[in-house]
Every structure is written in structure tokens, then in C-alpha cells.
Protein chains: 2
Amino acid sequence: MTETPSRRAQIVDSAAQLFAQKGVGATTVREIADSVGVLSGSLYHHFESKDAIVDEVLGGYLDALRGRYASALARGTSATECLRELVLTSLQVAEEQPYATAIYQNELHYLREQPRFKDVQAAAANVQKTWMGVIESGVASGEFRGDIEPRVFYRLIRDALWLSARWHKPSTDYPTETLAEDVTSVFLNGFIAQSKPTRVRANSRGGRAQRPAKKA
Amino acid sequence: MTETPSRRAQIVDSAAQLFAQKGVGATTVREIADSVGVLSGSLYHHFESKDAIVDEVLGGYLDALRGRYASALARGTSATECLRELVLTSLQVAEEQPYATAIYQNELHYLREQPRFKDVQAAAANVQKTWMGVIESGVASGEFRGDIEPRVFYRLIRDALWLSARWHKPSTDYPTETLAEDVTSVFLNGFIAQSKPTRVRANSRGGRAQRPAKKA
DNA sequence: GTCTATACATCGATAGAC
DNA sequence: GTCTATCGATGTATAGAC
């Protein structure tokens with residue numbers, strides 16, 4: 001029972017890719033049908049509408065994400081560790097399901113207005129609740145700063161994290177785990193150079209200006 | 001020079017709002033015409049196509065952004081200060097032109113595929129060049145970490161910064177300047193609490209940005 | 001400069017033959 | 001389960017009267 005590449009699954013996969021690349025509204029049912037090798041009318045034997053396909057794409061994605069988040073939180077003991085796990089998990093899920101991830105972050109604000117997608121909205125609210133719980137517990141324990149609104153920090157890391165799916169293509173040079181470390185390190189420790197003089201790069205006589213050149 | 005609120009300008013403004021709220025592809029020329037109080041056919045006396053309106057909206061926005069960035073860089077002496085100025089300037093521009101900002105960050109990846117918008121693409125590349133220049137000069141001078149790819153840091157702060165236009169509504173409680181301070185502080189200093197109340201430890205890094213007391 | 005009217009393409013969705 | 005064929009709505013854009 002390993003493989004049943006059902007037509008239904010083919011449709012969902014192809015539609016997800018098209019939705020991610022062109023946007024849901026700009027993707028036509030004829031394009032979806034073409035990409036799986038059938039005619040547009042045949043789609044309606046498997047789905048009752050185009051929106052139903054969107055529902056299935058995002059529903060499956062968010063269910064998987066919620067499950068993975070639960071596992072991630074179980075691995076962490078401190079808020080810092082939990083945050084680290086959430087970052088890595090998010091990037092792993094984004095790597096496994098890049099199309100659904102792109103749809104989720106590109107069009108959630110659009111789907112939010114349509115009552116049809118209230119299941120998606122509920123799942124998205126659950127995701128936010130998971131993050132906010134970790135962040136607020138970290139503030140309460142003193143691990144995280146208290147002078148930054150938890151909600152502000154959440155939104156900053158959320159947007160930076162999810163939108164990385166737009167530009168990050170996993171490779172051996174820069175694998176997902178390394179990106180996760182970098183994201184965690186920047187958001188927790190900052191981009192200011194640490195006092196430890198471990199940098200190897202010598203810049204005593206660099207050809208690079210200290211300031212960017214100003215143009216007229 | 002007092003600009004007359006020409007019909008052309010009305011069309012651009014109304015279209016920008018609609019494009020931001022519903023997406024470019026989902027906005028119809030009839031809706032644009034309705035919002036300015038004319039019929040759809042009349043739009044074509046002012047613009048040759050819907051895409052031409054998009055061009056004008058984003059072209060004017062990116063021109064303004066480029067000018068403001070030049071002023072921002074002139075105010076900074078170090079890479080850290082320049083970065084701080086870029087953050088504040090970006091948020092100010094986002095506050096002044098929220099609709100164009102939303103379009104810019106929501107649909108740049110879509111416009112990128114169409115050769116029609118190559119001017120917009122060039123302006124966007126210029127924006128990126130500005131940021132990268134500041135970041136790389138900071139790495140070269142030792143102000144910023146050398147173990148994070150400048151391009152990675154740029155993309156993280158870029159996405160977090162621009163997408164704040166989706167959720168940040170300037171208010172007296174949380175004005176744009178405070179958000180700019182928070183963004184800068186998180187990305188430069190990190191979210192980890194700087195002093196640990198349970199342990200006394202020599203910490204030479206006392207110089208992180210301090211949040212001024214909130215004004216009434 | 002705006003209107004009326006419409007051409008022409010394409011959209012999501014449906015009905016029924018096979 | 002897929003096809004053919006098409007409906008009705010809606011999209012951008014145009015032509016010409018006023």
C-alpha cells in the first residue's frame with residue numbers, strides 16, 4: 001500500500017505548485033487540468049470546486065504542521081530550546097512542502113476574508129498560539145527580553161522564517177539545518193559582532209569601503 | 001507647485017488601494033473605475049492598460065523609496081547607524097504609502113516574471129544593492145558578524161521589515177519610531193535577555209540600544 | 001473627458017455521451 | 001473516470017456618440 005498515486009492526489013500536488021507559483025486567483029482550473037493531463041471538466045469528478053482544491057492543499061499542510069510542532073515542543077525543555085525547535089521544524093516543513101508553504105504565507109490574508117476557509121483560519125490561529133506560548137513563557141522565565149512585545153517579536157520571526165521559503169533552496173552548501181541555526185542565532189543573539197574575537201577574516205587592509213558609497 | 005488632483009492621480013491612488021487589498025490580478029478595471037466615479041471605458045483615456053496603472057503605482061513608489069534611502073545613508077556614519085536609518089526610513093515610507101508598500105511586497109515575485117515591469121525590477125534591485133552595501137561594509141568593519149551570510153541576513157530583515165506593513169497600524173501607543181527601534185534592536189542585539197538576574201557575570205556588552213521611556 | 005455599447009477572450013462550472 | 005460541448009458570468013479593451 002505504499003503507492004496509490006491517485007488522480008485526486010495528482011490534482012492536489014499539481015494545483016499546489018501552480019497556486020504557489022502564480023497565486024490562487026491567477027491559476028485557472030484549465031491549467032490545473034492540463035498539468036495532470038486531463039480536461040478541465042474532469043476535475044469536477046474529484047472536486048466540487050476550485051476552492052475545494054485549495055482547502056485540501058492547505059488543510060493537509062496545516063494538519064502536518066500542527067503535528068510536527070507538537071513533536072518539536074516535546075523535545076524542548078526551555079523556551080530557548082523550544083524556539084530553536086520551532087524554527088528548525090518550520091524550515092523542515094517548508095522544505096518538505098514548499099508549495100503549500102508558499103500558498104500559506106502568500107495568500108493567508110486573502111483567504112482570511114472568505115468564510116469558506118474557516119478551517120484553515122482556525123489551524124493558522126493554532127500555529128500562532130503555539131509560537132506565542134513559547135515566546136511568552138520565555139519572557140516570563142527571564143530567558144527573553146521583556147521590553148519587546150511578544151507579539152511583535154513573533155511577527156518579525158514569523159515573516160522572516162516563512163518567507164525564506166521564497167528564496168531558500170536547500171543544498172549541501174547551505175542546508176536547511178544551517179539556515180535554521182542562522183535564523184535562530186540572529187533572532188536570539190543579534191547581528192552585532194560578539195566580543196569573542198573568533199573571526200578569521202583579516203580586514204586590516206581591505207578594498208572595501210567602511211561606508212557604502214554615496215551616489216549623487 | 002500645487003498639483004491639481006488630476007483624474008489621473010485619482011485613478012492611481014484608488015487603484016493602489018484596491019491592488020493592495022485584493023491583489024493586482026483580482027482587481028478589475030471596473031472596480032477601479034467605480035472607486036473614482038467613472039465608467040470602466042473612461043479609464044482608457046488616461047491609461048493604455050491595467051498594467052500601465054500598476055507601473056505608475058510602483059514606479060512612483062520605488063522612486064520615492066530610492067530618494068529616501070539616499071538621505072538615510074547620508075545621515076549615518078557607521079554601518080550600524082546606516083542600518084538603523086534604513087529600518088526607520090523603510091517603516092516611515094511604509095506608513096506614508098501603505099498601499100504601494102503592500103503591493104510591492106505581495107506581488108514582486110509575480111511581477112518579476114513579466115518583462116513589462118522591468119523598470120520596477122531594476123528599482124527593486126537598486127533597493128537590494130543599498131541594503132547589501134550597508135551590511136557588507138558592516139561585516140568588513142567588524143561591526144557585524146562574519147559568520148552569517150550577508151545575503152541571508154538581508155533577506156531575514158527585509159522580509160520581517162516589509163511585512164510589518166501587513167500588521168502594523170501606526171498609533172500613539174506604538175508609533176512607527178518605536179517599531180523601528182524594536183526591529184533594529186532585535187536584529188542587532190537579539191531577543192535573548194541581556195542580563196540574567198540569577199547570576200552575576202561580567203558582561204562587557206552593556207552598550208545595547210536602550211528603549212527611551214514611553215512618552216504620553 | 002465621459003458616456004453607451006459591445007467585441008472578444010477566458011473564467012468556473014455543468015450536462016450527458018461514452 | 002474522462003470526454004465533448006457549452007452555459008452564464010465576468011474579464012480587458014475598443015469604437016464612436018456626445
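Only this structure's heavy atoms are used, side chains among them; waters, hydrogens and symmetry mates stay out. Quick note on labels: first sequence line is chain A, next is B, and so on, each numbered from 1.
- Here Phe187(A) contributes atom CZ and Asp182(A) contributes atom CG; the two are 12.0 Å apart, rounded to the nearest 0.5 Å.
- Sequence neighbours left out, the pairs with a member in residues 48-64 of chain B that pass side chain to side chain donor-acceptor pair (under 3.5 Å) are Arg8(B)-Glu56(B), Asp55(B)-Arg116(B), Tyr61(B)-Thr101(B), Asp63(B)-Arg66(B).
- The residue among His45(B) and Val24(A) whose nearest nucleotide of DNA chain C is located toward the 5' end is His45(B).
- Chain B approaches DNA chain D within less than 4.0 angstrom (heavy atoms of the protein), and the contacting nucleotides run 5' to 3' from dG11(D) to dT14(D).
- The backbone N or O of Val134(A) lies less than 3.5 Å from a partner atom in the side chain of Ser137(A), making a donor-acceptor pair.
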Atom pairs and distances, side-chain donor-acceptor, residues 33-45 of chain A, under 3.5 Å, sequence neighbours left out:
from: Ser35(A); atom 1: OG; to: Ile32(A); atom 2: O; distance (Å): 2.7

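- Applying the salt bridge (charged side-chain N to carboxylate O under 4.0 Å, His left out) criterion to Arg75(A), with sequence neighbours excluded, gives Glu85(A).
- When side chains are defined from C-beta on, Val29(B) does not count as touching Phe47(B), because their heavy atoms never get closer than 4.5 Å.
- Atom OH of Tyr44(A) and atom P of dT14(C) are 7 Å apart (whole Å).
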Letter per nucleotide, 5' to 3', of nucleotides 6-11 of chain C [B base touched, S only sugar-phosphate touched, - untouched; heavy atoms, 4.0 Å]:
-----B
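- Among residues two or more places apart in sequence or in another chain, the ring-ring contact (aromatic ring centres under 6.0 Å, His included) test is passed with His168(A) by Tyr174(A).
- Between Glu107(A) and Arg112(A) there is no salt bridge, since none of the side-chain N atoms of the basic residue sits less than 4.0 Å from a carboxylate O of the acidic one.
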